[in-house]
Structures are given as structure tokens and as C-alpha cells.
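Report on the structure given below.
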Amino acid sequence: MSRVGLVLGAGGVVGQAYHAGVLAALEHDLGWDPRDAEVVVGTSAGAITGTLLRVGVPAPELAAWIVQAPLEAEGMMLRSLLGNEIPVFEPFRLLPLLRRLPDPPGWEMVQRAVIRPWTFRPMAAALALLAPGRVDIAEQLGMLREVEGRSWPDRDLWICAVRRRDGRRVVFGRPGGPEAPLHLAIAASCAVPGYFMPVTIDDHVYVDGGAHSPTNAALLRGQDLDLVIVVSPMSGPVQIPTDLYALSRGHAARLARREARALRDSGTPVITFRPGAAELAAMGNDFMARERVDEIVQQAFLGAGSYAARPEIRELLITAGLRRGH
């Protein structure tokens, strides 16, 4: 049995739709069930998708729920967790968030920047210090109420968040990580700075793990995996940015490439699925929009299938035992 790591990145509502399309393509085209991943790393939207996989929801059923198609018997669990409709969020706009006065950094953040500058990420610190949002993530995501009281899945699920006081990444569910109820770990990972309220767990305040990295794929170095599959909804073309959204997508793509390179340098093959032109056109610039999620799922499904059919990607899949040589 191949040991595959699955990394599910940030991306809001449209990112979750992108996850669904890619994962459904992997199961349809390769016959590989994403629920069989040895370890799942989830950040923000990826924390939700990863949890759904770990509690037994099949990838095709997640795609079917998003496009409001009929669900099979296995999909009834999904409906009980997420309800019948995708939640409605206020439009996500970068500029209004950046205009609000940030909180001043605490001494722990300054101390970390001075003593361990090689571990300090100014972008993560700046995002963590954005003025808190006004929307309560727990109120918006009914799923959090449904998983409240559930124990962590038996198989590895690592959920990434950022501790607000010092800008440090925290990984819930990983051996040695802080303990947290599953629903609060998901909420913390999804608490987009400036948009949602931060989440408090045991006197520590957390925001979205995407503030550190939209994928956090490098966490899987040294895990003795045959392959790591990264799904990075926020990645985009690395080119001269034309607006803030292109800048954020270019930054996400650079981080994802850097983390994939770190995994490859450690001897672990990596396949990264990122949106192409058709997927980006469907996704638009509002990460919380739900109007075109059906088109996003469709384009992600087609794009992922086409990418997996490339000779160099097919060879990696065959070597890892996920695809036969035909």
C-alpha cells in the first residue's frame, strides 16, 4: 500500500469547490480514494475538506453536494454535517481589510523577530495583526456545531492555524501539537484575519493558518511518504501583478513551489494541482462567492484530469502505485 500525503490548501468557498473537483478527478481517473491518504494537512478551507474526508465523506459526494446533485447513501453524512446549501458570506474584499488599523505587535512577536529572524515571516505577522473581523466563524459554519464533541479522527489530520500573539504557526492534531477540540481547531484554521473574528483556545488567540502559508506542505518532510499530493486553490501565475488579488495568488504560488521543492529535496515526490486559466476565470476574485461553485468544480475536475494525464505526472503516479502503466 502506497503511503500518500494529501495537502489541502486555503481558498475560502471557491477553494473548497476547487478541492472537490480535483479530489473527485483523482478518484474517478486514478481509482485512488483520497480518504486513504496516510496523513492529511488542512489549512482554512482545506481543514474543512480534510475533516470531511477523515469522517468518511467520499470525494465524489463532496463534489455532488457543492453542485447540488443527488447524493448517494454515503452522502447523507455530508448533508447532516453541511446542511442543504452552501453558506452565504459577505463578499471578500482585500482593500477594506487592509485599510483598517492593525493591532500593535506584542513583545513576544518582537522578541521572535529579533532572536530567531530566520523563522519569522513578516507577512504572517502582518496578517495576524490585522484588526479582528466582525463575523463569527462558528456562527457561519454549521458544520462546526455538528462536529462539536466529536473526537479527532483515528488517522492523521493536521490542521494549521497561526497564533496571533507571536505570528507562529501551530499545527493541531500533529504529535506534539497543542490539544484542541476538533471544531475549534477547524474554526481557528478558517479565521481569515480581518474578515472573521479570531478564535480563542485555552487562552491563546488564533487566526487562519493561511497567514503562514496557503498550503503548509513542507510539514510533510521526513514523513517517509511515497508521494505528496498538494491541492493549492490560491496559487496563480507568477507574473507581474495587476492588482492585489494577482499579488496574493502569485505569493501563494511562490510559497507552494518553495515548499514542494523542500519536499523533493528531502526525497519525497510531489504533485501540485493549481488552478489554470479556466479555473481562475471561474473562481474570480471573491474567495467567499458561491455563485459559480458548480462551474469551479467542473473546471477543476477537467483540469486535474488533464494534468494527471501528462507523461511526467503519469510516471510519478505509476511509480507511487496510484496508476497502472496502461
Thr51 side chain to Ala47 backbone, donor-acceptor under 3.5 Å: yes

Euclidean distance, Glu179 CD relative to Leu184 CG, rounded to 0.5 Å: 13.0 Å

Flag, side chain of Ser189 to backbone of Cys160, donor-acceptor distance under 3.5 Å: yes

Any donor-acceptor pair under 3.5 Å from Trp32 side chain to Ala37 backbone: no

Glu259 (side chain) donor-acceptor with Ala217 (main chain) under 3.5 angstrom: yes

Any donor-acceptor pair under 3.5 Å from Glu279 side chain to Gly276 backbone: yes

Sidechain-backbone polar pair: Arg249 side chain, Pro233 backbone, donor-acceptor under 3.5 Å: yes

Ring centre gap for Tyr18 and Phe301 strictly below 6.0 Å: no

From OG (Ser151) to CG (Leu182), nearest 0.5 Å: 8.5 Å

Pairwise distance CD1(Ile313) to CD1(Ile271) - rounded to 0.5 angstrom: 5.0 Å

Ser306 side-chain N/O to Gly303 backbone N/O, donor-acceptor pair under 3.5 Å: no

Asp29 side chain to Leu26 backbone, donor-acceptor under 3.5 Å: no

Modelled atom types, side-chain donor and acceptor of Asp226 and Ser2, under 3.5 Å: no

Hphob cluster co-occupancy, Leu23 + Leu157, side-chain heavy atoms under 4.5 angstrom: yes

Sidechain-backbone polar pair: Arg174 side chain, Trp158 backbone, donor-acceptor under 3.5 Å: no

